[in-house]
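Treat the numbers as computed from the prediction; the structure is a model and nothing was measured.
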Amino acid sequence: MGPAQLVAPSPWLRFSLLPILGCSMRATELHLVTLRQPPAEADIASHRWLVRGGFIRRVTAGVYAYLPLMWRVLRKVEAIIREEMDGTGALELRLPALQPAELWRRSGRWDTYTAGEGIMFNLRDRQGRELGLGPTHEEVITTIAADLIRSYRQLPVSFYQLQTKFRDEIRPRFGLMRGREFIMKDAYSFHGNEEDLRCYYRIMDGAYGRIFSRCGLKVLAVQADSGAIGGAASQEFMAVAEAGEDLVLSSGDGRYAANQERAQSLPSPPVPLGVAEDRLFATPGQASIEAVCGAHGLNPSQTLKVLLHRACFAHGPHQPVLTVLRGDQEVNTVKLINVLSSLLADRGTLLALERLDADALNNHGLQLPVGFLGPDLPDHAIEGAPNLMGSFVRIVDATAADLAGFVCGANVVDQHRRVPGWSALDVSFTRADVRAAQPGDRCCHDPHVVLTATRGIEVGHIFQLGRKYSTALEANFTTEGGGSEPMWMGCYGIGVSRLAQAAVEQNHDDKGILWPLSIAPFEVVISVANGQEQEQRQLAEGLYGELGAAGVDVLLDDRPERAGVKFKDADLLGIPWRVVVGRDAAKGQIELKQRSKSQALTMASSQLLGKLLPQLQRQRQGMVPEEGV
RNA sequence: CGGGGCGUAGCGCAGUUUGGUAGCGCGCUUGCUUUGGGAGCAAGAUGUCGCAGGUUCAAAUCCUGUCGCCCCGACCA
């Protein structure tokens, strides 16, 4: 029979009796459900801890419920984002998630996002109208801007929203890292000229740096590919983490960092190969570069690698593509897609690029000497294949094009060929950079510096879109001179829910999460070691009231659990500061401990606020606490 | 979409090969004891064994289909 029952006979009554204490809360009211065992669904640390700590629950593949603890974290992240966005002059609004296909057809993205990548959830309503759930909002905001903005006098303007986004990911994974429904901050800016866009882009760049740093994340800003969204300059913000899905290549001198999709580097020089005359030689069963090199004492850089692809465009037949790289290089499909897109711009959007390996060729009804292909593979080799029309688009990477003599396949099984130079081959190529930069490659800006690899989680991406969408959607404004021009646009995204999980990925140990204070669900937890002791309860209640009144987000762990359980849970939840009210409560003494430290500090309870508040102030501004606490 | 794996209590799992009353640990409920790092004892509750067909006297177990989930790959502001 606890005293609580005397005060509040109905569990609902207590709400009307609650004093207003900021965002403080009692564990008995929080509906805290932690798991002792790691869930089977989770594969990476941050996912495991978020589920074990009772922050999130999976509803279906790639779709999560944010439980009250997580919601507190997300609200704090959002608050930081709002402050920084408002600081750039951006205006918050909220756009619909449900969008008409018509808008996406006007920008030309409906097919890419539904038929092509298939990333947009789409549906027909009862009248047969086609709709999509927004994976991004360029179309809607551009239409609105076109409606609102008439004159250069109204520019520039920037809108942002915090909203649920939908993407039908082929393989959702890692909890909130790659979900099919997630929270995103997206901002869109409109400008009268390109210089103004560039200027605001730099302002956003700065705001992004502050947002991530205030959220306690270690983030690398890297050059990025613009992808399906289009546009010119673009930069990604990568939270450094082993579990990250992206590979970042950066130079030790800090002057260059790029997503591997985009990264450029100097290839290693090839081992020279003098070829006196063009001749065939037998390579029985040697269908790989390694096999040929091993058997004939060659270096891979003395050979050519030939890859076949099938490019599916929105208009026109499927295009066969033949790509040549130096034997020691790998293709970068993102670069290849970009090259093909611009080369065949009249075919519309490139919907898919399928690699034609031996199996795929078989499925297309073709028998080619795979493993023995040469750059001069004749066009008639693919005649009769129902899904491949016309002649090859032939692309040669610079590394291959620059070779004087080389070894390549002879287009005959078990035959390779020594070729004295490209002039010996009677075919023409488009020269392009389609090779993947690799860690260890020399940097373009300084050949003495090599690229190193870091894995990262993309938590933000900013783009200078230019006038792609404003042109397609006729978002024009009247210029000072009285003419009419499409507006210049930028867009700026932050994966809010992903950011929160990235923070966990960067800040955990074997006991649980270590939230950065600025986004922790609570700043302080008061653990009552033994809730049956009158002195402990009273002292804890007093401190709870004081901290709450001082504007601290404090959790009072008043559950009827043993001390060990409360300590384990406090560590699991990752609350940055813990106040233990325990055996010395009768003497008015308490313990103060940081989640990240093993040492606790014993002090009189009257000293707590004086010690703690200045430290909290520092940490809220993104600084580390002083030593000795 | 290709390859692999898994669906049994709230969570983690055994049982499936060889068909025969549905189990273990944690959690949950009640009581007593305990009370500073996930307590002890005792008593208890909880399952359409993912779903639908089929085989059989009998199916968690065998067969067929189907749905869902996880991992690898492909893919991906």
Discussion item. Taking ring pair (Phe, Tyr, Trp, His ring centres under 6.0 Å) as the cut-off, I'd like each qualifying pair that reaches into residues 162-183 of chain A, sequence neighbours left out, listed once.
Written reply: none

Item to complete: Using the C1' atoms only, state how far B/G7 lies from B/A52, rounded to an integer number of Å.
Response: 16 Å

Fill in: Complement of B/G36, any strand, by Watson-Crick or G-U distances under 3.5 angstrom
none

Worksheet item: In terms of ring plane angle, is the pair A/Tyr201 and A/Tyr492 parallel, tilted or perpendicular, where the classes change at 30° and 60°?
Response: tilted

Discussion item. Counting the atoms with a prime plus P, OP1 and OP2 as sugar-phosphate, which does A/Ser527 contact under 4.0 Å by heavy atoms, base, sugar-phosphate, or nothing?
Written reply: nothing

Discussion item. Can you tell me which nucleotide in B/G38, B/A77, B/C75 comes closest to the side chain of A/Thr333?
Written reply: B/C75

Discussion item. Base, sugar-phosphate or nothing for A/Glu561? Non-hydrogen atoms, less than 4.0 Å.
Written reply: nothing

Practice prompt. Write down the distance separating the C1' atoms in B/G53 and B/C67, rounded off to the nearest Å.
Written response: 14 Å

Response to the item:
Ranking B/A39, B/C1, B/A77 by distance to the side chain of A/Val565, first place goes to B/A39

Discussion item. Check this for me: does the side-chain of A/Arg178 come within 3.5 Å of the base of B/C76 through a donor and an acceptor?
Written reply: yes

Worksheet item: Does any nucleotide pair with B/G68 by Watson-Crick or G-U wobble geometry, both distances under 3.5 Å, and what is it?
Response: B/C6

Worksheet entry | C1'-based separation of B/G44 from B/U64 [nearest Å] | 42 Å

Practice prompt. Can you tell me the distance, in whole Å, between the CE atom of A/Met184 and the C1' atom of B/A77?
Written response: 6 Å

Practice prompt. Measure from the side chain of A/Arg58, starting at C-beta and using heavy atoms only, and say which of B/C69, B/A74, B/G38 lies closest.
Written response: B/C69

Worksheet item: Over how many whole Å does the gap from A/Leu572 atom CG to B/G37 atom C1' extend?
Response: 13 Å

Worksheet item: Who does B/A42 pair with, Watson-Crick or G-U, both distances under 3.5 Å?
Response: B/U30

Worksheet, complete the sentence: A/Leu35 atom CG is separated from B/G27 atom C1', nearest whole Å, by 9 Å

Worksheet item: A/Arg109 has an atom CZ; how far is it from atom C1' of B/A77, in whole Å?
Response: 9 Å

Worksheet item: Roughly how far, to the nearest 0.5 Å, is the CD1 atom of A/Ile144 from the OH atom of A/Tyr188?
Response: 12.0 Å

Worksheet item: Choosing from B/A77, B/C70, B/C71, which nucleotide comes nearest the side chain of A/His461?
Response: B/A77

Practice prompt. Describe, in one word, how the ring planes of A/Phe212 and A/Tyr208 are oriented to each other, choosing from parallel (under 30°), tilted (30 to 60°) and perpendicular (over 60°).
Written response: perpendicular

Fill in: Integer angstrom distance from the C1' of B/G12 to that of B/U30
25 Å

Worksheet item: Does A/Glu245 or A/Lys593 map to a spot on RNA chain B nearer the 5' end, using the closest nucleotide for each?
Response: A/Lys593

Item to complete: Would you indicate what A/Ile462 reaches in the nucleic acid, counting non-hydrogen atoms under 4.0 angstrom: base, sugar-phosphate, or nothing?
Response: nothing

Worksheet item: Has the side chain of A/Gln37 got a donor or acceptor that lies under 3.5 Å from a partner of the other kind on the base of B/G27?
Response: no

Response to the item:
As its Watson-Crick or G-U partner within any shown strand, both distances under 3.5 Å, B/C76 has none

Worksheet item: Below 3.5 Å, does any donor atom in the side chain of A/Asp569 face an acceptor in the base of B/G38, or the other way round?
Response: yes

Worksheet item: Choosing from B/C76, B/A77, B/U34, which nucleotide comes nearest the side chain of A/Arg562?
Response: B/U34

Item to complete: Indicate yes or no: does A/Lys587 engage A/Glu535 in a salt bridge with an N to O separation below 4.0 Å.
Response: no

Response to the item:
From the candidates B/C76, B/U35, B/C71, the one with an atom nearest any side-chain atom of A/Ile119 is B/C76

Fill in: B/U21: pairing nucleotide in any strand, Watson-Crick or G-U under 3.5 angstrom
none

Worksheet item: Taking CG from A/Leu32 and P from B/G38, how many angstroms apart are they, rounded to a whole number?
Response: 18 Å

Discussion item. Among A/Lys305, A/Arg435, A/Lys335, exactly one meets salt bridge (Lys or Arg N to Asp or Glu O under 4.0 Å) together with A/Glu330. Which residue is that?
Written reply: A/Lys305

Practice prompt. Could you check which of B/G37, B/G38, B/C71 has an atom nearest any side-chain atom of A/Arg578?
Written response: B/G37

Worksheet item: Roughly how far, to the nearest 0.5 Å, is the CD atom of A/Glu181 from the NZ atom of A/Lys165?
Response: 11.5 Å

Practice prompt. With the side chain of A/Ile170 defined as its heavy atoms from C-beta on, choose the nearest nucleotide among B/A77, B/G36, B/C1.
Written response: B/C1

Item to complete: Would you please confirm or rule out a distance under 4.0 Å between OP1 or OP2 of B/C71 and any side-chain N or O of A/Arg171?
Response: yes

Worksheet item: Considering Watson-Crick and G-U wobble pairs with both distances under 3.5 Å, what does B/U56 pair with?
Response: none

Worksheet item: Is A/Glu236 salt-bridged to A/Arg262, going by a charged N under 4.0 Å from an acidic O?
Response: no

Item to complete: Using a heavy-atom cut-off of under 4.0 Å over every strand shown, decide if A/Ala40 touches base, sugar-phosphate, or nothing.
Response: sugar-phosphate

Discussion item. Counting the benzene-type ring for Trp, do A/Phe55 and A/Trp515 have ring centres under 6.0 Å apart?
Written reply: yes

Item to complete: Sticking with atom C1', work out how far B/U66 lies from B/G19, rounded to a whole angstrom.
Response: 23 Å

Item to complete: Round to a whole Å and report the spacing from CG of A/Leu353 to P of B/A74.
Response: 14 Å

Discussion item. Whole angstroms only, please: what is the NZ-C1' distance between A/Lys568 and B/G27?
Written reply: 17 Å

Worksheet item: Any side-chain N or O of A/Arg36 less than 4.0 Å from the OP1 or OP2 oxygen of B/G27?
Response: yes

Discussion item. So for A/Glu533 and B/U35, does any side-chain atom that can act as donor or acceptor lie under 3.5 Å from a complementary atom in the base?
Written reply: no

Worksheet entry | Touch class at under 4.0 angstrom, heavy-atom based, for A/Arg498 against every strand present | nothing

Worksheet entry | Sugar-phosphate, base or nothing in reach of A/Val33, heavy atoms under 4.0 Å | nothing

Discussion item. Any side-chain N or O of A/Thr34 below 4.0 angstrom from OP1/OP2 of B/G38?
Written reply: no

Practice prompt. Quickly work out the A/Arg455 CZ to B/C76 C1' distance and round it to whole Å.
Written response: 14 Å

Worksheet entry | Separation between the C1' atoms of B/C11 and B/C69, rounded to whole Å | 16 Å

Worksheet entry | 5' precedence on RNA chain B between A/Pro39 and A/Glu236 (nearest-nucleotide basis) | A/Pro39

